[in-house]
Amino acid sequence: MEQSDDATGALRREVSAWLRDNVPGAWRESMTGTAQESFVELQRGWFQKLSAAGYATPHWPEGWLGGGRSLAQQKLIFEEVARADAPRLILYFVALYHAACTLLECGSAEQQARYLPAIQDGQIWCQGFSEPNAGSDLAALRTRAERRGDVYIVNGQKTWSTMAQYADRCLLLARNDRSGPPQAGLTYLLLDMHAPGVTVRPISQITGDDEFAEIFFDDVEVPVTERVGEEGAGWAVAQATLASERGLTLVELSQRMRSALPRLADAINAAGRGDDSALQDDFGNLLARVDATCALADRYLHKRITGEEGPGDASIVKLFYSRTLREFTLLGRRVGGFTAQCERGFMRGATQETGNWPLDFMNSYNWSIAGGSDEVQRNIIAERMLGMQREPKDWHTVERI
Amino acid sequence: MEQSDDATGALRREVSAWLRDNVPGAWRESMTGTAQESFVELQRGWFQKLSAAGYATPHWPEGWLGGGRSLAQQKLIFEEVARADAPRLILYFVALYHAACTLLECGSAEQQARYLPAIQDGQIWCQGFSEPNAGSDLAALRTRAERRGDVYIVNGQKTWSTMAQYADRCLLLARNDRSGPPQAGLTYLLLDMHAPGVTVRPISQITGDDEFAEIFFDDVEVPVTERVGEEGAGWAVAQATLASERGLTLVELSQRMRSALPRLADAINAAGRGDDSALQDDFGNLLARVDATCALADRYLHKRITGEEGPGDASIVKLFYSRTLREFTLLGRRVGGFTAQCERGFMRGATQETGNWPLDFMNSYNWSIAGGSDEVQRNIIAERMLGMQREPKDWHTVERI
Amino acid sequence: MTVSTTELRDAARQVVDDLGLAADEQDTWALVAELGWLVLEMPEADSGLGLDLADACALHVELGRGLARVPFIAALLAIDTVVQSELPERADLLASLGSGDRYIGVPLAETEVQYVGGKLDGVAHGVPAADRSREVLLWSGANDCIALVAIDAPGLQLECSNTWDETRRLFDLHLEDVVPTCILARGDAAHALLRRLRMRRDFALAAEAVGGATSILERTVAYLGERQQFGRPLAMFQALKHRCADLKSQVEAATALLEAGLAQTASAHDCAAAERAGLAAKLLANNTYTHVVEEALQLHGGIGMTSEHDCHLFLKRAMLDEHLGRGRDAYARMLAGGSLYDT
Amino acid sequence: MTVSTTELRDAARQVVDDLGLAADEQDTWALVAELGWLVLEMPEADSGLGLDLADACALHVELGRGLARVPFIAALLAIDTVVQSELPERADLLASLGSGDRYIGVPLAETEVQYVGGKLDGVAHGVPAADRSREVLLWSGANDCIALVAIDAPGLQLECSNTWDETRRLFDLHLEDVVPTCILARGDAAHALLRRLRMRRDFALAAEAVGGATSILERTVAYLGERQQFGRPLAMFQALKHRCADLKSQVEAATALLEAGLAQTASAHDCAAAERAGLAAKLLANNTYTHVVEEALQLHGGIGMTSEHDCHLFLKRAMLDEHLGRGRDAYARMLAGGSLYDT
């Protein structure tokens, strides 16, 4: 680590003191069974505070409010936020990470000047990568962007876009050319979600939540000035977007999973089953796995800091996290019994450890399916990390979406 | 079933009374840590008794001693033998089932007259199908049989042949033609294991046992009269060999597994852990799975009796048996603790439920690897039973070996 | 399986397929009554069809396949208990129950009810469609009293359980000094009737679970055969094939165990053996159902996470089912109890 | 990991690879002594290298990779305990232990020994290469006495444990009225030393298991890449790929947990935290090792069932290892004990 223990300790104390004073109180209660709108309100309020304090953008370069922090410091802030059990900034994640990092790495100076301050002020972004028939297979993207003079005309459909119904702008990956190899004909655009021809339809999830949405584009005009990178270079720009959070999300998620273990222990004890050796076995094994998940996430981040990341490293962490989370929620379901099946109210802004076990179980699939399914991660690990032979010619796999 | 309850009951009483008087006593003790030779002696003695009583060949046609039994009656005899905890007739299985059924179905009258009485008298046979580089892939067989006048000259190597070191004859599948499709160039021969050029080398197994052997053929002459079926029709004849035991083995194995449950319960109780709810959970779940294995095996046999067998039915039973046996032996390993790791003596003639848990665990792989590995069974189930699309062209699978 | 069971099953499959997953509870109930399924197990002397538990379970399998929104398990349990009883009004009651005009609810989970001084107190969990029943069959936690309780009896309160699974419409019944309409059995007779009821409930729930597991696996395999990725149907990917093959073997095992257990209830008069077979069938069926739906959701990918797709209906039913009957962890432990000390 | 740990690891890997799996115990021991590994953790004041548990575990990982037939874990545990003690002959003893001339055995499983009236009675399990040791470090089941016992003391009998794993050469020690050579600690001091010893033993066993799991997975992947079936290398079959990928993620997780736990022992002076980290590391490492070897045997097919192939050596080591230390089921339950009642 690049800092002395003292400096780290000081930052940790500063952040945790600030969090103590500023984290919204009792949000787990107020966000249970509430409407989407009041959740959005909570997110806005919490973002404004965090952003003003500079803790929302520690990963931005020096010169920006809060920016210039080392990756180790960023991790520290993420850890403290997780430990303080603050709501996850679901509404702003794409803006703060995906959009900002893409712009910082590949955007023009003009684009950076236009959007980065707006993001710090609370502009909401969504991601437009996934399509109904291209879940783990970016090469199959069909949304079209046809150049007509100074604009692109966009037609098509995106799906599984987080909170798109509240977004101002969209990071859009669209096809400008179908003639070459699939990855070559993609272009990366910044699309105004308020433009004519954009329709958003929230996806009704099995949990009753609707944090994802479909986006339909019907002859939407996007000025050429809103293109990031060259025409046809969208694939490379998208890699920058996907790499933007640099392992911090998994550090946060694994810390939150660890923080939630007492909730599971409480449930076991409340059921009067602390002396049931079958539950002790399961809980003990889970403890070790959760600790291992945190250790894996930390190690991965450390590799990124030191530039030692290898192919498949990210997949290992994601796969192990998703399997451990599944076991966590399965044990919850077991302990919760019939009673837990009768609790329908879900909690917004939490992750997968609300203590409503059937809900948590269902939400755990967000991590085994989205962001590169477990199956895609296994392909990557086997082929790129273990060097197992690829299947013949057209049996190809794609990094992740 | 084709019989009244009364007739079934009478047969059951008859068989079980006979077994009570004739099953070798205390063979589990005498066969523990003993040499292969004394095991062979036990097998010979027990076979002579069983064969003389007609219980070794209930599946042979009417006219043969003990023959003409319905499949239901054959099953009953198998069940009683398993319940009486008699030694498995490992040394004679290939002769009684594979050889006899192949000869009865595809052999000439002359071949039947020559071999069937000898088999009833105790002639020992082995199977020569598997090769070092063709485990689950019969199409890759490389042992050659070149026709020269009235003989075939055999060269090559077979492996995993049960008890080949004691065999008088071998059911050999060899390649006579490499020009056509792989399955078309195979010929089926009855090879004299005492002929010049035959070398047998027992395979040293990880358990310390050597019930399998490699067979090497160096210019071995096999008269054309020892060919079963036409030249090049070996594949079809081999199917008759493989189908010969018609599900009875799995009935027997699943019954033996059920009979062994008390051995596991005793181990749990002996460890003073009958009240450990974790072990109760595992044992209860295992009970249900073992019962289900028996039910599956019975149902499969019933389907064969009524002619309702469908593709994949046999694979379902074998796969579920192998997985359940693995769990059985894993629970044994857990319960047995450090002490069980210190018991090296193995028991000959038993199946996978000797109560020596590490040994049983290792032997359980005989059923997940041999006779069509779990992986091959899964391919068959997925493609032939569930109708999932096959992989392109040369990605083919073979029934089982 | 007798020929008539096969016919019954084929007919039921047709009916359930025609209804579809979203069919209305009332319509389905009317159809179930019209088809004579409610009198399936009534003795012929009571104008029933005189069929047995194996036949009833053949129907449960089919209704489970279609997640039928109808309290058929509870209805048959109540009818069987009335058949076994010596109620004076037995004949009239059976007639109205068999026609579907009247429905008696039965808890599908264990109750926490005491019977003291002629009154019932406590909570009964998981009574399906209790709001449509005139009476509910309840029993004391001590197993020494079975009673019919009027749904509008003073002191009785209905509360919708509001489970994630909406196809069962379960209710909790809160009882405070509730006087039963009539007592069906006390003491040893109640014990014996409740053993029978629980055994039958285990088999019925096992049958529904087997049906549900079969159905969601079929749907998953069909989906994989259609859905293209990387230029091929997903069904062509060996890793997914192997997982489906494992699931198939588990579903077949649960089916075989259920059928073998039911054969035992028909032939043997050994109550303990039937109980044990019911425990094993329920345990394996629920383990299989939950495992199959968990895999099905993953194999469906994103589409399975949307409420427009049917996948979640099976998931929620399976999650609930493992807690019905005697409770999630009771089955393995009761089974083990026969062989291990101190249980 | 400090640079020196990395260097140590790389050097050890080279040594172990050169030795191969079949290397002789005596030769390996001589090499271990020559390389200075026995003085690794001895304080520099005692002419040691002054390195820490993380460094020692880096070696255990490598020795575990190669299934080295050398009682290195026991040797380091004995040395550390002597270092912590205040024996008068401490300096001489450390010198002879560090040179490898003398070896003190330590039980790798729990003992059933009582210390009463100045004498030891009972059985100590799993002492590696006890026949090569001059003394054995033993303790009472009540944890209130640690002693050195001469291997030829009257009343002490050695019995080869004859485990399936032949690479550890474990012995049982039967004790009847055995008078110890010397007492290292009594009472609270013994308690504290034994907590330290068990914590270190957990980490050491975890490290060996992580090494073994890593090695057998590498070998399995290599085998799948070579072995052809149906005209392709087995490694090309997706179902096998996915299983290897799962195994890899588990091995990486066990490795990360081990390293994170060791980091905790170095920085924190919190004994309870280090103990807990050791429990978790041992639990996950053994779960992983057994699971990986079980899959490895299946993935190797028939060849893995022959004693000429190395697969079974890992299998037998892994089967044994899960029962060493505090015992198979103690780990999860002790970990849970911190959070759950009544444990």
I want to check something: taking the side chain as every heavy atom from C-beta on, are A:Phe338 and C:Leu108 in contact at a cut-off of under 4.5 Å?
no
Between C:His312 (side chain only) and A:Gln205 (backbone N and O only), is there a donor and an acceptor less than 3.5 Å apart?
no
Quick check: do A:Gln341 and C:Leu170 have side-chain heavy atoms less than 4.5 Å from each other?
no
Pair count under 4.5 Å, heavy atoms only, with chain A: among C:Ala109, C:Gly302, C:Gly304, C:Cys311, highest is C:Gly302
Note: C:Leu240 and A:Glu375 closest approach over all heavy atoms is CD2-CG, 4.0 Å
Please name the pair of heavy atoms, one in A:Cys342 and one in C:Thr163, separated by the smallest distance, quoted to 0.1 Å.
SG-CG2, 3.7 Å
Does any heavy atom of chain C fall under 4.5 Å from the side chain of A:Asp209, the backbone, both, or neither of them?
neither
Pairing of A:Arg333 and C:Glu322 as salt bridge, 4.0 angstrom limit
yes
For atom CZ of C:Arg132, is the number of surrounding heavy atoms from other residues, nucleotides or ligands below 6.0 Å larger than 12?
yes
Should we count CD of C:Glu112 as having more than 12 external heavy atoms under 6.0 Å?
yes
Ranking C:Glu308, C:His300, C:Lys316 by heavy-atom pairs under 4.5 Å to chain A gives rank one to C:Lys316
Can you name the closest pair of heavy atoms from C:Glu294 and A:Tyr365 and give their distance?
O-OH, 2.7 Å
How far apart are the closest heavy atoms of A:Glu343 and C:Trp164, and which atoms are they?
O-NE1, 3.0 Å
What are the two closest non-hydrogen atoms of C:Met319 and A:Pro358, and how far apart are they?
CE-CB, 3.8 Å
Return the option, out of A:Thr339, A:Ile203, A:Leu359, A:Thr159, with the maximum number of heavy-atom pairs under 4.5 Å with chain C.
A:Leu359
Between A:Ser204 (side chain only) and C:Ser307 (backbone N and O only), is there a donor and an acceptor less than 3.5 Å apart?
no
Distance from C:Met305 atom CE to A:Ile369 atom CD1, nearest 0.5 Å?
5.5 Å
Bottom line for C:Leu313: the part with an atom under 4.5 Å from chain A's heavy atoms is neither
Contact class of A:Phe212 relative to chain C, heavy atoms under 4.5 angstrom
neither
Would you find more than 12 non-hydrogen atoms of other residues, nucleotides or ligands less than 6.0 Å from C:Gln157 atom CD?
no
Structural part of C:Asp172 lying under 4.5 Å from a heavy atom of chain A
side chain
Side chain, backbone, both or neither: which part of A:Asp210 has a heavy atom under 4.5 Å from chain C?
neither
Leading residue by heavy atom contact count with chain C [cutoff under 4.5 Å; candidates A:Arg378, A:Met362, A:Arg326]:
A:Met362
Is chain A contacted by the side chain of C:Glu159, its backbone, both, or neither, given a heavy-atom distance below 4.5 Å?
neither
